[in-house]
Amino acid sequence: MTHERNPGIPLDMGWVNQVRVNLSATERRAATLTTRRSIKKEWQAAWLLHAITLIDLTTLQGDDTPGNVIRLCAKARQPVRDDLLAALDMAGKPVQVGAVCVYHSRVADAVRALEGTTIPVAAVSTGFPAGQSPYKQRIAEIRESVAAGAKEIDIVISREHVLTGNWEALYNETCEMRAACGDAHMKSILATGDLATLRNVGMASLVCMMGGSDFIKTSTGKEDVNATLEVSLVMTRAIRDYHERTQYQVGFKPAGGIRTAKQALNWMILMKEELGDEWLQPHLFRLGASALLTDIERQLSHFATGRYAAKHHMPMV
Amino acid sequence: MKVAEIFETLSYGPAPESAAAANAWLDEHKRKFDLFINNQWHAPKDGQYFATRNPATGDTLAEVADAGAADVDAAYQAARAAFEAWRKQSGHTRARYLYAIARGIQKHQRLLAVIESLDNGKPIRESRDLDVPLVARHFYHHAGWAQLMEQELPGYQPVGVVGQIIPWNFPLLMLAWKIAPAIAMGNTVVIKPAPYTPLSALLFAEIVAEAGLPPGVINIVTGGDKSGAAIVEHAGFDKIAFTGSTHVGRILRRATAGTGKRLSLELGGKSPYVVFDSADQDAAIEGLVDAIWFNQGQVCCAGSRLLVQENIAPRFLNKLKLRMSKLRIGDPLDKGIDIGAVVDPVQWHTIDGWVKRGLAEGAEMFQPEGELPAKGCFYRPTLLTNVGPASAVVQEEIFGPVLTAMTFRTPKEAVALANNTRYGLAASVWSENINLAIDVARKIKAGSVWVNCTNMFDAASGFGGYRESGFGREGGKEGLYEYVRPAWQARPRPQLSGAAANGTWGKSVPGRPAPLNGKAGDGVAIDRTAKLFIGGKQKRPDGNYSRAVQAPDGHTVGYVADGNYKDIRDAVEAAHAASKWAESSGHTRAQILYYIGENLAARAAEFAARIVAMSGRTTEDARAEVDAAISRLFSYAAWADKYGGSIQETTLRGITLAVHEPLGVIGIACPDEYPLLGFVALVAAAIARGNTVVALPSPTQPLSATDLYQVLETSDVPAGVVNIVTGARDALAKTLAEHDDVDAVWYFGDAEGCRQVEMLAASNMKRTWVGYGERRDWLDAHQGMGEEFLREATQVKNIWVPTGE
């Protein structure tokens with residue numbers, strides 16, 4: 001699916017300053033979103049299969065080597081056992097993950113391993129996860145990853161600019177990073193766990209979209225608190241707001257701590273309810289995860305067989 | 001549907017909660033239920049049953065006993081027989097029983113939730129996540145009050161046997177709100193569930209029996225209006241507690257008038273939902289879903305009147321319409337729906353009738369599209385715009401999923417629109433500006449105000465209305481007082497004179513010169529005929545008549561102005577004009593009360609002499625009365641800044657403030673006895689807490705009050721805070737009791753007058769405090785001053801403020 005990329009707009013501080021987020025009300029909505037909806041039986045199986053197509057299958061470890069990245073890519077190509085797909089009447093259907101997400105050093109390995117597929121490689125960048133390396137190097141890092149074949153770049157923002165209220169600096173940084181990405185899609189990681197307040201999350205979301213982000217993403221997975229439904233609500237509402245005023249669609253990626261099929265369904269419900277069905281497609285929604293895939297497979301197995309599944313029956317990531 | 005297809009559409013599918021256990025329970029009872037009396041099932045004496053239906057399908061769920069007067073009496077007798085033993089149990093013992101009920105509810109919580117949704121049509125999410133947990137919470141919290149009663153409510157006794165009538169919108173929760181505080185305080189009850197929704201109460205009956213409560217403490221009689229009337233008309237009950245419509249509440253107020261039965265009423269509402277431009281708009285939209293589409297809008301405190309700041313209105317209403325289009329309507333037992341079935345076809349037609357009337361009056365309607373279930377009682381969420389304060393749909397309670405929307409320009413206008421209603425149950429205020437939000441919360445006249453949240457309930461916070469939304473609170477410590485009376489006070493047994501029957505009550509012929517009786521006047525003394533005291537000025541009465549004040553021996557002590565209904569009208573206007581008194585600080589009010597005391601003390605001998613002259617009592621006795629009056633002034637000066645309220649320990653993260661607000665304008669008919677002390681004790685209590693008053697002095701000895709004019713004038717009492725109208729007390733009290741802009745009437749005349757005042761007060765459901773013609777020792781610190789006075793002078797507003805950034 002193609003859609004017009006968000007080119008960004010001039011920084012509009014009048015708009016940014018209007019952001020109001022009430023913590024308790026946000027918490028209440030987050031808590032009841034998932035108790036207001038229930039996805040069962042065939043619907044659960046179908047939604048979970050779809051969830052797989054949204055996954056940015058990720059490994060971001062110091063001990064990543066070509067070996068485990070190649071194994072990850074193999075899983076990305078074939079995320080569900082054939083017999084399960086057949087049992088679900090989905091044999092031959094396009095069930096593959098949304099992307100494979102690695103550090104820059106592993107981009108080339110992943111690109112090779114995914115040759116012949118349409119699965120893009122995403123690289124975390126700009127001094128991931130803290131974003132405290134020299135600015136020029138952060139921009140250069142983007143260019144190198146793009147050159148190595150990354151089609152998606154997950155940048156980290158300078159949290160400093162949010163915490164000091166230097167929205168112009170955040171905006172300018174985002175614009176430059178977007179320029180460095182070129183044709184690669186840019187996901188801006190807000191690292192919401194570092195941003196202290198939901199209002200900061202809302203304001204940073206808007207500024208990052210104004211700066212031309214294709215996606216806004218919650219977390220690196222390395223902060224103390226990663227993806228939560230509360231910050232996701234604030235970010236998706238900012239996306240809705242931005243779309244309403246500019247007509248540009250920006251994607252959303254929660255990441256960090258999403259390990260269970262139930263969680264994946266919760267985020268899908270959030271997207272469907274707050275943004276609508278179009279935001280359930282991979283061009284506008286990704287789930288940053290690794291262990292999630294195995295849990296989804298187990299749930300699918302349970303649906304297909306009626307028995308609870310063993311982890312070791314699922315091909316490991 | 002195939003997985004492959006859903007994989008593409010990502011639609012929602014059905015997710016029904018199983019009704020297997022609920023159906024088995026109904027089947028085990030052969031789908032026929034009797035009355036729960038003395039912990040046992042009793043068939044109704046006349047053998048009548050009625051059907052209760054599932055509104056989502058129209059199917060009959062069970063047949064339920066239709067209690068007649070004889071059945072109500074049997075239940076009453078059971079409760080009466082159980083009362084003495086139950087009240088004598090230690091608080092700890094009662095706490096154990098309440099605790100057992102709470103545990104029983106939790107043990108059967110899913111079954112209760114499913115039964116509730118089957119019978120009422122509310123979504124299982126609500127019955128499961130809100131109703132039933134709140135029910136358990138209510139019993140836990142009140143187990144605690146039972147445990148603490150001896151320490152926390154010393155000097156109080158239970159009211160007695162209580163008749164309770166509850167509505168169909170929250171069948172089990174309203175039952176809990178009624179029963180828990182009643183039995184915690186040592187009362188026994190007969191409760192009547194609503195005929196649309198009796199089943200959860202019957203399952204609750206089994207939990208009561210399982211918990212081993214002494215037989216007769218809780219009796220449950222099912223039935224309709226006839227059964228309700230039998231409770232209200234039964235002479236034995238010591239109190240009636242009712243939740244339901246203002247229309248029925250008014251009938252109950254009149255039916256119980258003058259009986260000495262206590263009454264608490266939780267009635268209708270048309271609650272404002274105020275959204276400022278400084279609000280988190282998405283949060284406010286979500287709040288609206290909880291406000292008006294919770295329980296299909298069949299909620300007495302539903303936020304049904306949206307008031308949105310004009311500068312954000314178009315965008316906000318667009319957001320709202322988008323959100324409405326996401327609401328899912330359907331099978332109440334489906335775990336994925338937002339809106340279930342309206343309780344009954346009758347209610348559906350009532351709702352639809354209002355909407356049609358709104359459209360006829362020019363309203364524009366928005367309803368989201370989408371399929372409704374083929375059968376069952378479903379109504380789409382509805383938004384009505386292009387409406388104004390004059391629209392019927394804005395004024396009247398619709399009790400359905402219908403929201404009206406209006407705009408405002410300024411905070412002042414928001415408050416004015418919010419208060420432009422006869423109701424006062426609840427309100428929501430949305431703004432991230434805490435200064436604005438709290439200020440508006442204080443100014444809206446409603447019992448519960450939710451800041452940046454809505455429809456919050458908790459056992460630790462009292463719920464109940466201002467104005468025609470009723471009186472009394474349920475929950476919190478304030479709610480306990482509905483079920484206790486001071487230990488010194490027996491259940492009133494008013495002796496009615498029958499003056500009402502012959503139409504003489506409240507009638508009066510203007511005053512004339514007193515018969516001479518051989519006692520000539522003293523022409524040398526300068527005449528001091530007291531005028532009226534209205535708006536800080538001494539005014540001639542409208543009718544220009546005067547009444548003689550005579551001593552017991554028949555000689556004329558003096559004359560007072562003979563006020564009439566127009567003087568009352570003027571006095572009420574003056575009292576309203578002085579409403580800033582409520583905003584003055586407690587310290588300021590205290591200073592003025594002390595000053596009154598000081599000036600009264602300076603003239604103590606003169607006041608004592610006046611009492612002697614009017615009453616023939618001894619000087620010593622009169623002096624004691626004057627000294628007590630001075631002491632009362634000091635007491636209420638002391639209380640002026642010490643009864644502001646408290647923090648409620650609710651489950652909310654944040655602060656729930658119980659604010660003791662003044663009632664507004666109180667009409668006070670003072671007792672015949674103690675002409676000075678009776679006046680001072682009542683008026684000082686009222687004004688200490690920020691009310692303004694229209695006082696009717698003792699009819700036989702009014703000069704003590706009129707002598708106070710000069711004291712009040714020299715004590716910096718702002719004009720209009722205290723207005724005094726002399727004349728025929730009952731005729732004047734009648735005008736006050738009927739007056740729709742008087743917020744409360746206190747009446748300490750005879751039993752017949754008390755009955756009349758309670759009856760007439762039903763016009764605007766003003767609060768009343770009457771003595772039923774029974775003597776009160778005004779000199780006694782408990783009877784003539786207690787906490788009762790402060791409670792009568794205030795109403796509790798609970799302001800919920802969630803916190804966190």
Side-chain angles (χ1 to χ4, degrees), chain A residues 18-29 31-33 35-51 53 85 87-91 93-95 196-200 202 233-234 236-238 240-241 244-245 268-269 271-274 276-277 280-281 300 303-304, chain B residues 1-17 123-126 128-130 277-287 289-290 312 315 318-319 322-323 325-328 334-338 430-433 451-454 456 652-654 800-805:
Chain A
Q18 275 175 17
V19 171
R20 300 281 184 277
V21 183
N22 187 276
L23 175 67
S24 296
T26 309
E27 287 172 342
R28 184 176 174 85
R29 172 61 168 158
T32 54
L33 239 177
T35 60
R36 283 179 178 274
R37 296 290 178 264
S38 185
I39 318 289
K40 298 293 176 199
K41 303 211 161 82
E42 289 87 349
W43 282 267
Q44 188 180 88
W47 279 54
L48 289 176
L49 279 167
H50 187 86
T53 70
L85 280 180
L88 298 169
D89 219 8
M90 286 286 291
K93 288 280 175 7
V95 181
T197 67
L198 289 181
R199 185 156 184 253
N200 276 347
L233 260 181
V234 174
T236 51
R237 286 168 170 178
R240 188 169 67 200
D241 203 12
E244 183 192 315
R245 296 211 204 182
M268 290 173 76
I269 290 169
M271 297 304 282
K272 187 175 172 77
E273 293 292 321
E274 293 288 324
D277 287 352
L280 281 170
Q281 300 302 326
L300 291 173
F303 176 75
Chain B
M1 204 180 277
K2 290 282 174 56
V3 170
E5 191 186 334
I6 307 166
F7 179 78
E8 297 297 332
T9 62
L10 295 172
S11 61
Y12 290 123
E17 173 77 34
I124 185 72
R125 177 190 77 88
E126 295 178 8
R128 177 197 66 201
D129 297 349
L130 296 159
D277 62 1
S278 48
D280 173 350
Q281 289 186 41
D282 291 308
I285 292 285
E286 215 50 56
V289 172
D290 288 332
I312 60 166
R315 189 153 173 265
N318 279 338
K319 276 178 180 283
L322 188 67
R323 181 67 184 92
S325 68
K326 299 274 185 183
L327 293 169
R328 302 187 71 229
D334 192 310
K335 290 178 276 189
I337 63 113
D338 298 299
W430 292 77
S431 169
E432 292 301 296
N433 176 349
V451 173
N452 293 324
C453 56
T454 197
M456 307 296 284
L652 177 83
R653 185 204 47 218
W800 298 64
V801 190
T803 57
E805 172 63 43

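Protein chains get the first letters and strands the later ones, always in sequence-line order, with residue 1 at the start of each. Being a predicted model, the structure only gives us computed values, none of them experimental.
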Any side-chain heavy atom of [X] within less than 4.5 Å of one from [Y]?
X: A:Thr32; Y: B:Glu286; value: no
X: B:Val289; Y: A:Arg36; value: yes
X: A:Glu42; Y: B:Glu5; value: no

Chain B heavy atoms under 4.5 Å from [X]: which part of the residue, side chain, backbone, both or neither?
X: A:Asp89; result: both
X: A:Gln44; result: neither
X: A:Val234; result: neither
X: A:Thr26; result: side chain
X: A:Leu49; result: both

>> Keeping A:Ser38 on the side-chain end and B:Gly336 on the backbone end, is there a donor-acceptor pair under 3.5 Å?
In response: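 The answer is no, because no donor-acceptor pair under 3.5 Å joins these two groups.
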>> Between B:Lys326 (side chain only) and A:Lys272 (backbone N and O only), is there a donor and an acceptor less than 3.5 Å apart?
In response: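 Answer holds: yes.
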>> Is B:Arg323 close to chain A through its backbone or its side chain, or both, or neither, when contacts mean heavy atoms under 4.5 Å?
In response: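 Side chain only.
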> Heavy-atom distance under 4.5 Å to chain A: side chain of B:Ala279, backbone, both or neither?
Replying inline: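 Backbone only.
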Can you give me the closest heavy-atom contact between [X] and [Y], atom names plus distance?
X: A:Ala45; Y: B:Val3; result: CB-CG2, 4.2 Å
X: B:Ile6; Y: A:Ala46; result: CB-CB, 3.4 Å
X: A:Lys40; Y: B:Ala15; result: CG-CB, 3.9 Å

>> If the threshold is 4.0 Å, N to carboxylate O, is there a salt bridge linking A:Arg28 and B:Asp129?
In response: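 No, no charged N to carboxylate O under 4.0 Å.
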> Can a salt bridge be assigned to the pair A:Asp241 and B:Arg315 using a cut-off of 4.0 Å between side-chain N and carboxylate O?
Replying inline: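 A salt bridge is present here (some side-chain N lies under 4.0 Å from a carboxylate O).
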Heavy atoms only, distances under 4.5 angstrom: which of [options] has the most pairs with chain B? Name it, please.
options: A:Lys93, A:Glu244, A:Arg237, A:Lys41; result: A:Arg237
options: A:Ser24, A:Ala196, A:Gly202; result: A:Ser24
options: A:Val19, A:Leu88, A:Val21; result: A:Val21

>> Out of B:Glu126, B:Lys335, B:Gln281, B:Arg125, return the one with the most heavy atom pairs under 4.5 angstrom to chain A.
In response: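 Winner by heavy-atom pair count: B:Arg125.
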> Among B:Ile124, B:Leu322, B:Leu652, B:Asp290, which residue forms the greatest number of heavy-atom pairs with chain A at distances under 4.5 Å?
Replying inline: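 Result: the option with the highest number of such pairs is B:Asp290.
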> salt bridge (charged side-chain N to carboxylate O under 4.0 Å, His left out) with B:Arg653: which residues, sequence neighbours excluded?
Replying inline: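 Partners of B:Arg653 under the salt bridge (charged side-chain N to carboxylate O under 4.0 Å, His left out) test: A:Glu27.
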>> Can you tell me how far apart CG (A:Leu280) and OG1 (B:Thr9) are? Round to the nearest 0.5 Å.
In response: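 The OG1 atom of B:Thr9 is 10.5 Å from CG of A:Leu280, to the nearest 0.5 Å.
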> For the atom pair CG (A:Asn22) and CD (B:Glu805), what is the distance rounded to the nearest 0.5 Å?
Replying inline: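 Reported to 0.5 Å precision, the distance equals 8.5 Å.
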> Excluding sequence neighbours, so at least two apart, what forms ring-ring contact (aromatic ring centres under 6.0 Å, His included) with B:Tyr12?
Replying inline: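 ring-ring contact (aromatic ring centres under 6.0 Å, His included) list for B:Tyr12, sorted by chain: A:Trp47.
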>> My understanding is that only one of A:Arg29, A:Arg20, A:Arg240 makes a side-chain hydrogen bond (donor to acceptor under 3.5 Å, both in side chains) with B:Asp282; could you say which?
In response: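 In the set A:Arg29, A:Arg20, A:Arg240, the residue that makes a side-chain hydrogen bond (donor to acceptor under 3.5 Å, both in side chains) with B:Asp282 is A:Arg240.
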